[in-house]
Amino acid sequence: EDERVRVESHKVHGRTLVARQSFKLGETILKSTTNYITPDSEHLEALCHGCLKSYESRPLRCSQCKYNYYCSQDCQRKDWSVVHKLECPIIAAITKQNKTPTPSMILMWKLLILLPKLTPLEKELINTLENHLGELPTQKREAFDVSSLIIQKYYKENCKSNPLPQYKIE
């Protein structure tokens, strides 16, 4: 555990990372190798899908799924080797049906892809994540349910060698 920061529960924001000291402008506070990132709906074409940085030049678009954008070939290659080569066919199949995957769908898909590769500690941390589904308005809950069904369908069709973990969401 880093002595400079701590995890706290917040009534409104859920689990948060809180600084225990002051930091200098530009100082690195936390380094993470997480691959559970994707731009939100408003920034799908404005931020790199590999590192979430803004583009300094024209972004590179995945030629297969046409959904992911990257700031550089290096970032695109790294994302491909870690997770995108497994999610890309699923995203492409969804977009070919004139449906647009939501960032929530992409995050769920990445989690399912990377789950077998996680350490026991990482799995434990994922199991401590808070579930806010009950707080969603009906329309968003229905969209989440539809997203879940789409992911389950494509997962079963395309990942037969890696069975889908079963989770009960209340």
Side-chain angles (χ1 to χ4, degrees), residues 10 12-17 26 28-118 122-123 125-126 128-159 162 164-165 167 169:
H10 189 276
V12 176
H13 303 293
R15 198 168 59 168
T16 60
L17 192 63
T28 299
I29 297 172
L30 177 70
K31 286 187 178 184
S32 175
T33 58
T34 183
N35 295 101
Y36 307 116
I37 61 170
T38 193
D40 61 16
S41 297
E42 297 172 20
H43 298 95
L44 285 175
E45 295 180 26
L47 297 175
C48 176
H49 288 232
C51 67
L52 295 183
K53 290 181 182 175
S54 298
Y55 311 117
E56 293 179 12
S57 59
R58 186 171 179 224
L60 303 171
R61 187 178 191 186
C62 177
S63 61
Q64 292 180 41
C65 70
K66 301 189 180 0
Y67 182 86
N68 282 26
Y69 291 84
Y70 297 96
C71 62
S72 68
Q73 283 186 336
D74 186 50
C75 208
Q76 186 175 18
R77 280 190 203 108
K78 182 180 175 191
D79 192 44
W80 181 262
S81 69
V82 173
V83 71
H84 191 61
K85 70 180 166 189
L86 298 172
E87 71 181 354
C88 186
I90 307 309
I91 296 170
I94 292 169
T95 56
K96 283 179 186 169
Q97 294 185 4
N98 293 323
K99 297 184 187 318
T100 303
T102 65
S104 296
M105 287 175 70
I106 300 299
L107 288 174
M108 284 191 287
W109 183 245
K110 286 182 181 198
L111 178 60
L112 289 171
I113 290 169
L114 295 171
L115 201 55
K117 299 176 186 178
L118 298 179
E122 290 170 322
K123 288 178 183 177
L125 290 172
I126 286 173
T128 66
L129 293 174
E130 294 182 36
N131 174 350
H132 297 281
L133 289 175
E135 300 166 20
L136 289 176
T138 303
Q139 186 176 5
K140 285 192 176 189
R141 175 59 193 246
E142 289 170 358
F144 179 86
D145 291 343
V146 169
S147 298
S148 298
L149 291 172
I150 291 171
I151 289 170
Q152 287 176 35
K153 176 185 177 204
Y154 287 106
Y155 194 94
K156 286 176 186 174
E157 290 174 3
N158 295 284
C159 300
N162 187 10
L164 188 64
Y167 292 100
I169 300 176

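One is the number of the first residue; the rest follow in order along the sequence. Hydrogens, waters and symmetry mates play no part in the numbers below; they use all other heavy atoms, side chains included.
Side-chain contact between S41 and T102: absent, with no pair of heavy atoms (C-beta onward) separated by less than 4.5 Å. Residues C51 and C71 form a side-chain contact, since some pair of their non-hydrogen atoms from C-beta on lies under 4.5 Å apart. Using a 4.5 Å cut-off on side-chain heavy atoms (C-beta onward), N68 and H84 make contact.
Note: M108 CE to E87 CD = 12.5 Å, rounded to the nearest 0.5 Å. The CZ atom of R61 sits 10.5 Å away from atom OG of S63, with the distance rounded to the nearest 0.5 Å. Of the inter-residue distances, the one linking E56 atom CD with S72 atom OG reads 9.5 Å to the nearest 0.5 angstrom. We find the SG-NE2 distance between C48 and H43 to be 14.0 Å, quoted to the nearest 0.5 Å. For the atom pair L86 CG and I91 CD1, the distance stands at 11.0 Å (nearest 0.5 Å). Atom CG of L44 sits about 4.0 Å away from atom OH of Y67, to the nearest 0.5 Å.
Between the side chain of K96 and the main chain of A93, no donor-acceptor pair closer than 3.5 Å is present. Side-chain N or O atoms of Y55 include one that pairs as donor or acceptor with a backbone N or O of L47 at under 3.5 Å.
When all heavy atoms are compared, the tightest approach of C62 to C88 is SG-SG, 3.6 Å. The two atoms that bring P39 and L52 nearest to each other are N-CD2, 3.7 Å, heavy atoms only.
The aromatic rings of H49 and Y69 sit tilted, their planes meeting at an angle between 30° and 60°.
In Q139, the CD atom is not crowded: 12 or fewer heavy atoms of neighbouring residues, nucleotides or ligands sit closer than 6.0 Å.
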